[in-house]
There are 2 protein chains.
Amino acid sequence: MPKIVDHDAMRTRILDAALGCFTEQGYHATKMTDVARAAKMAKGSLYRYFDSKDALTDALVRRYFDAIRDEVSSYPAPPTLGFLVFGLRQALPADRLGATRMFFDVLGPGFAEDGGARQAVDDFLSWISGHYAGHLRALQAAGEVRRDIDPDRTGAAIASMLDGLIIHQALFARPDSEFAGTSAAAIALIEQGLRPLAQP
Amino acid sequence: MPKIVDHDAMRTRILDAALGCFTEQGYHATKMTDVARAAKMAKGSLYRYFDSKDALTDALVRRYFDAIRDEVSSYPAPPTLGFLVFGLRQALPADRLGATRMFFDVLGPGFAEDGGARQAVDDFLSWISGHYAGHLRALQAAGEVRRDIDPDRTGAAIASMLDGLIIHQALFARPDSEFAGTSAAAIALIEQGLRPLAQP
DNA sequence: GTTTTTAATGACTTGACGGTCATTTTAAAT
DNA sequence: ATTTAAAATGACCGTCAAGTCATTAAAAAC
């Protein structure tokens, strides 16, 4: 007899609306009222699905990184250094900049709290570092990558360095051509750094 | 006849107090009352020296980066690749992490505004990128760095990549030993990437 | 010591937004 | 068509902090 709705679908609808608002106007500039309007419902309804703005944000951040992880996981392991480098280039897409700026916005003021959104990003970074490390290890075995690098440390280094490029572009938007040049230089540096010295 | 105070000294005193508060409690958790207490004055007095919390923050960020710029400018140009790399290592100090976290905190919500604090950081990044580019150009001439890299793009890439390391450590504090390992791997990658190929 | 002008003060005003809840609406079941 | 329990609503509340301003304190000049 009662009215029944699809709880999960509702949460998805709200998260989609929130992502749109946050990306367009920024996280702090977005009021719960805005999210409600974007999701075509009243503010009060939001609170049936998320306990607070923080809870909503946590769910959003987690969903975002889970999706990237799933996608990246589905790629085959790179058989050569060239393929690895190709993959790194793909990790610097223009369409991730809006979300990156948003995370900057979200995480800043939240640095006091330990759980929540920050943890989700932290988890992802640990994962991607390990992911790169695995590739590096395999490529070392194949003679495609210098033997004298530490795969774990270098994997973490690559993750942080690429994120540095993304963050800077997200916050200090340069012309696309300039960003492309900077990215290319960074990738070239990493590629040369990984390449084994030619045997005389 | 009127009472006179040293306006600049007063601003410095307030900025020092604000830096302490922001670093310790975070930017958003710090209220103007807190800054006033730390500076040993009443809240109303702050507003004689800074029009708003934003204005205070802008001045603080600008002062911080100007100081780094002055310091870095005073170093002699690196005569070899080894010296350049040594300098890059110095650019990853543990004592900059608190401030970095704070800037993250400040810049996030402010991404809507264009002037102000963000501009100050932007200016600094442009400057440091150019600074590295100058070193790279000189070292290319000296045969210490590969000729086939673009100094400007690579300078910008190095600045962003190092900042990535700093930001990650600031936000997701890893044990010092781990950060040291990741940094070392990153620097090694950059060094190998810059080094000219050995002539057979 | 008196005057005069600027500096300092902190209680108060103001605006804003996250979250609540009494009321109304909806739809499933019979 | 009626019942009924859950869902939706949005006006309202409480909180909180930035910024103001009438008043008081300070010190320079004489």
Side-chain angles (χ1 to χ4, degrees), chain A residues 1-18 21-22 24-61 102 105-106 108-113 115-117, chain B residues 1-18 21-22 24-61 102 105-106 108-113 115-117:
Chain A
M1 308 156 172
K3 174 180 178 183
I4 299 290
V5 302
D6 183 335
H7 213 256
D8 284 349
M10 220 56 173
R11 283 176 63 100
T12 299
R13 177 170 143 199
I14 293 170
L15 289 177
D16 289 344
C21 291
F22 292 173
E24 257 174 64
Q25 332 166 220
Y27 175 69
H28 283 90
T30 300
K31 313 309 166 197
M32 289 302 266
T33 309
D34 298 328
V35 176
R37 188 171 339 109
K40 305 234 170 86
M41 63 182 70
K43 182 164 68 146
S45 307
L46 293 181
Y47 287 86
R48 296 191 67 73
Y49 300 98
F50 295 99
D51 288 345
S52 63
K53 191 179 181 184
D54 270 3
L56 192 164
T57 307
D58 288 358
L60 185 60
V61 172
M102 182 196 97
D105 201 349
V106 170
F111 101 80
E113 302 109 57
Chain B
M1 307 159 172
K3 174 180 175 181
I4 300 292
V5 301
D6 183 335
H7 213 255
D8 284 349
M10 219 57 172
R11 282 175 64 101
T12 299
R13 178 170 143 198
I14 292 169
L15 289 176
D16 289 344
C21 292
F22 291 172
E24 258 173 64
Q25 330 166 224
Y27 175 69
H28 284 89
T30 300
K31 314 308 168 200
M32 289 301 265
T33 308
D34 299 328
V35 176
R37 190 173 335 109
K40 305 235 171 82
M41 63 181 69
K43 183 164 65 148
S45 308
L46 293 182
Y47 287 86
R48 295 191 69 73
Y49 300 99
F50 295 98
D51 287 344
S52 64
K53 191 179 181 184
D54 270 2
L56 192 165
T57 307
D58 288 358
L60 185 59
V61 172
M102 182 195 97
D105 202 349
V106 169
F111 102 79
E113 301 110 55

**Q.** Side chain to side chain, A:Tyr49 and A:Val5, heavy atoms closer than 4.5 Å
**A.** yes
Q: Take the protein atom CZ of B:Arg13 and the nucleotide atom P of C:dA8, then report the distance between them rounded to whole Å.
A: 8 Å
Q: Between D:dG10, C:dT9, C:dG19, spot the one nearest the side chain of A:Ser52, thanks.
A: C:dG19
Q.
Rounded to whole Å, how long is the line connecting atom CE of A:Met41 with atom P of C:dT26?
A. 15 Å
Q) For atom CG of B:Asp16, is the number of surrounding heavy atoms from other residues, nucleotides or ligands below 6.0 Å larger than 12? A) yes
Q.
Distance check needed: C:dT6 C1' versus B:His7 NE2, whole Å only.
A. 11 Å
Q: To the nearest Å, give me how far apart CZ (A:Arg11) and P (D:dA7) are.
A: 14 Å
Q.
From CG of A:Asp34 over to C1' of C:dA16, roughly how many Å is that when rounded to an integer?
A. 13 Å
Q) From the list D:dG10, C:dA7, D:dA7, which nucleotide is the closest neighbour of the side chain of A:Tyr49? A) D:dA7
Q. Just how far, in rounded Å, is P of D:dA6 from CZ of A:Arg48?
A. 9 Å
Q) So which nucleotide from C:dT9, C:dT6, D:dA8 ends up closest to the side chain of B:Lys3? A) C:dT6
Q: Describe the nucleic acid contact of A:Thr33 in one word from base, sugar-phosphate, nothing, applying a heavy-atom distance below 4.0 Å.
A: nothing
Q | Toward the 5' end of DNA chain C, by each residue's nearest nucleotide, B:Pro2 or B:Ser45 | A | B:Pro2
Q: Return no unless some side-chain N or O of B:Lys53 is found under 4.0 Å from OP1 or OP2 of D:dA18.
A: yes
Q) So, do A:Lys43 and A:Lys31 sit near enough that their side-chain heavy atoms are less than 4.5 Å apart? A) no
(Q) If I take atom CG in residue B:Asp6 and atom P in nucleotide D:dA28, what distance separates them, rounded to the nearest angstrom? (A) 12 Å
Q. Is B:Tyr47 near enough to C:dA8 that one of its side-chain N or O atoms lies under 4.0 angstrom from OP1 or OP2?
A. no
Q.
I'd like to know if B:Lys43 reaches the base of D:dG19 with its side chain, counting only an N/O donor and acceptor under 3.5 Å.
A. yes
Q. Which of parallel (below 30°), tilted (30 to 60°) and perpendicular (above 60°) describes A:Tyr27 and A:Phe22?
A. perpendicular
Q) Between atom CE in B:Met32 and atom P in D:dA17, what is the gap in whole Å? A) 13 Å
Q.
At 4.0 Å (heavy atoms only), tell me whether A:Phe50 reaches a base, stays on the sugar-phosphate, or touches nothing.
A. nothing
Q.
Does any part of the side chain of A:Met10, heavy atoms only, come nearer than 4.5 Å to the side chain of A:Met41, both counted from C-beta?
A. yes
